[in-house]
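Letters A, B, ... mirror the listed sequences (proteins, then strands); counts begin at 1. No hydrogens, no waters, no symmetry mates; every other heavy atom, side chains included, goes into these values.
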There are 2 protein chains.
Amino acid sequence: MASGSAARKPAPEPLVVLEEFLPYRLNVLAGLTSSALAQIYAERFGLSIPAWRVIVTLGQYECRTARDMAPDGVMHKSTVSRAVSALEKRGLVKRRPNLDDRREEWLALTPEGRAIYEAVAPEALAVGERLLSVLTPQEQKTLSTLIDKLTRQARLLAPRDTEGSEA
Amino acid sequence: MASGSAARKPAPEPLVVLEEFLPYRLNVLAGLTSSALAQIYAERFGLSIPAWRVIVTLGQYECRTARDMAPDGVMHKSTVSRAVSALEKRGLVKRRPNLDDRREEWLALTPEGRAIYEAVAPEALAVGERLLSVLTPQEQKTLSTLIDKLTRQARLLAPRDTEGSEA
DNA sequence: TTCCGTTCGTTGCTCATGCAACCAATAACA
DNA sequence: TGTTATTGGTTGCATGAGCAACGAACGGAA
């Protein structure tokens, strides 16, 4: 049929509507929330996002190696390495050699690091809460489930591998 | 694994559990999907994410200005500017001055640009579909609603201002 | 007209990030 | 024992993004 050869104003046929495209919408949402959080991390405490993740992880587990910082390869080795270096230089993190395997090092928060952790964490949580406050508890639970499902699937689709840690 | 004697002490009191923290999970998910898509954009067509967004937007609307590329300030002016320059240099986008307002320019896909659009779009959509395939239609609808609610809220919490595009 | 405030878009600078190459230590195996 | 393959972690390099400062063009007001 006449597939509209006329060059008129409306586009021939939009194959993708960006505002409805899931990956785009996820990116926008994630970007906005990052932006909201980065304001706290960066402006108030001088932490980058990787640094924040390291701090939180160490706050959770007390003692881990650099490799454990990116459980699913979310952060790059180099990203973690640099974040840890910076934190060590600021005296927020200390390293201790692991004598059982001298390739790796144990990481832990210093008292100063823990102090920052205890200062940032509640504020970050508050942002998370404020975000979720527009959802009912039931919706929150649903969201959590959906994110998990999608993340699992996304991990299958993404190249993201070639780097040690597989599921 | 090093079955070492190293004590993996539970931390005093974990204030934040990263794996349960919504912004973190959103970031991970968005990162994974971006990664999956970037593989198509980049490896197969040499497009960056901003470039892809420009192409898709022009594929949708035929003719827009650079400012319209970031409707909600998702991309920075400079990001759009550079993406457009690169695309123009590759002959995928053409500019025409807007005689009514010579500050801005009309942008449109060239035939070559449209060809790439028509090649990439279906593949990108396919990735989106494959992602969503783990959700039931009902879940997909729910997800869409939740994302919208969260995005609206996140936009209130994020600084994201001082830049042209208002609310 | 001229002056001022605003908006569209570009560009220089800086820094964060990803990749890949690399070192050191361990593991696997002949 | 030596020899090779893997793994934890660092670093050089190049690319990418944000910020801010800038130039150009418009709108409004005298």
- Message: As a test of reading the structure: which of dC8(C), dT10(C), dG8(D) is closest to the side chain of Arg67(A), going by heavy atoms?
- Response: dG8(D)
- Task: Could you check if a side-chain atom of Leu22(A) sits within less than 4.5 angstrom of a side-chain atom of Leu143(B), using non-hydrogen atoms only?
- Result: yes
- Looking only at side chains, do Thr110(B) and Glu112(B) share a donor and an acceptor under 3.5 Å apart? yes
- So what does Ser48(B) touch, heavy atoms closer than 4.0 Å: a base, only the sugar-phosphate, or nothing? nothing
Review item, nucleotides 22-26 of chain D N/O atoms under 3.5 Å of protein N/O:
from, atom 1, to, atom 2, distance (Å)
dC26(D), OP1, Arg102(B), N, 2.9

- Message: Among dG9(D), dG9(C), dT11(C), which nucleotide has an atom closest to any side-chain atom of Arg95(A)?
- Response: dG9(D)
- Message: For residues 21-39 of chain A, which residue pairs pass the salt bridge (charged side-chain N to carboxylate O under 4.0 Å, His left out) check, not counting sequence neighbours?
- Response: Arg25(A)-Asp148(B)
- Task: Considering non-hydrogen atoms only, spot the tightest contact between Ala83(A) and Ala51(A) and give its length.
- Result: CB-N, 4.1 Å
- Query: Is it true that a side-chain atom of Tyr117(B) and a backbone atom of Leu15(A) form a donor plus acceptor pair closer than 3.5 Å?
  - Reply: yes
- Message: What I'd like to find out is whether the side chain of Leu135(A) reaches to under 4.5 Å of the side chain of Leu132(A), using heavy atoms alone.
- Response: yes
- Message: When you compare the side chains of Asn27(B) and Ser34(A), does any donor N or O come within less than 3.5 Å of an acceptor on the partner?
- Response: yes
- Note: Arg130(B) and Ser133(B) closest approach over all heavy atoms is O-OG, 2.6 Å
- Just how large is the angle between the end axes of the helix from dT1(C)-dA30(D) to dA30(C)-dT1(D), five pairs per end, to 10 degrees? 10°
- Taking only the side-chain nitrogens and oxygens of Ser78(B), find out if one of them lies under 4.0 Å from OP1 or OP2 of dT11(C). no
- Message: When you measure from the side-chain N and O atoms of Thr79(B) to the phosphate of dG18(D), is any distance below 4.0 Å, counting only OP1 and OP2?
- Response: yes
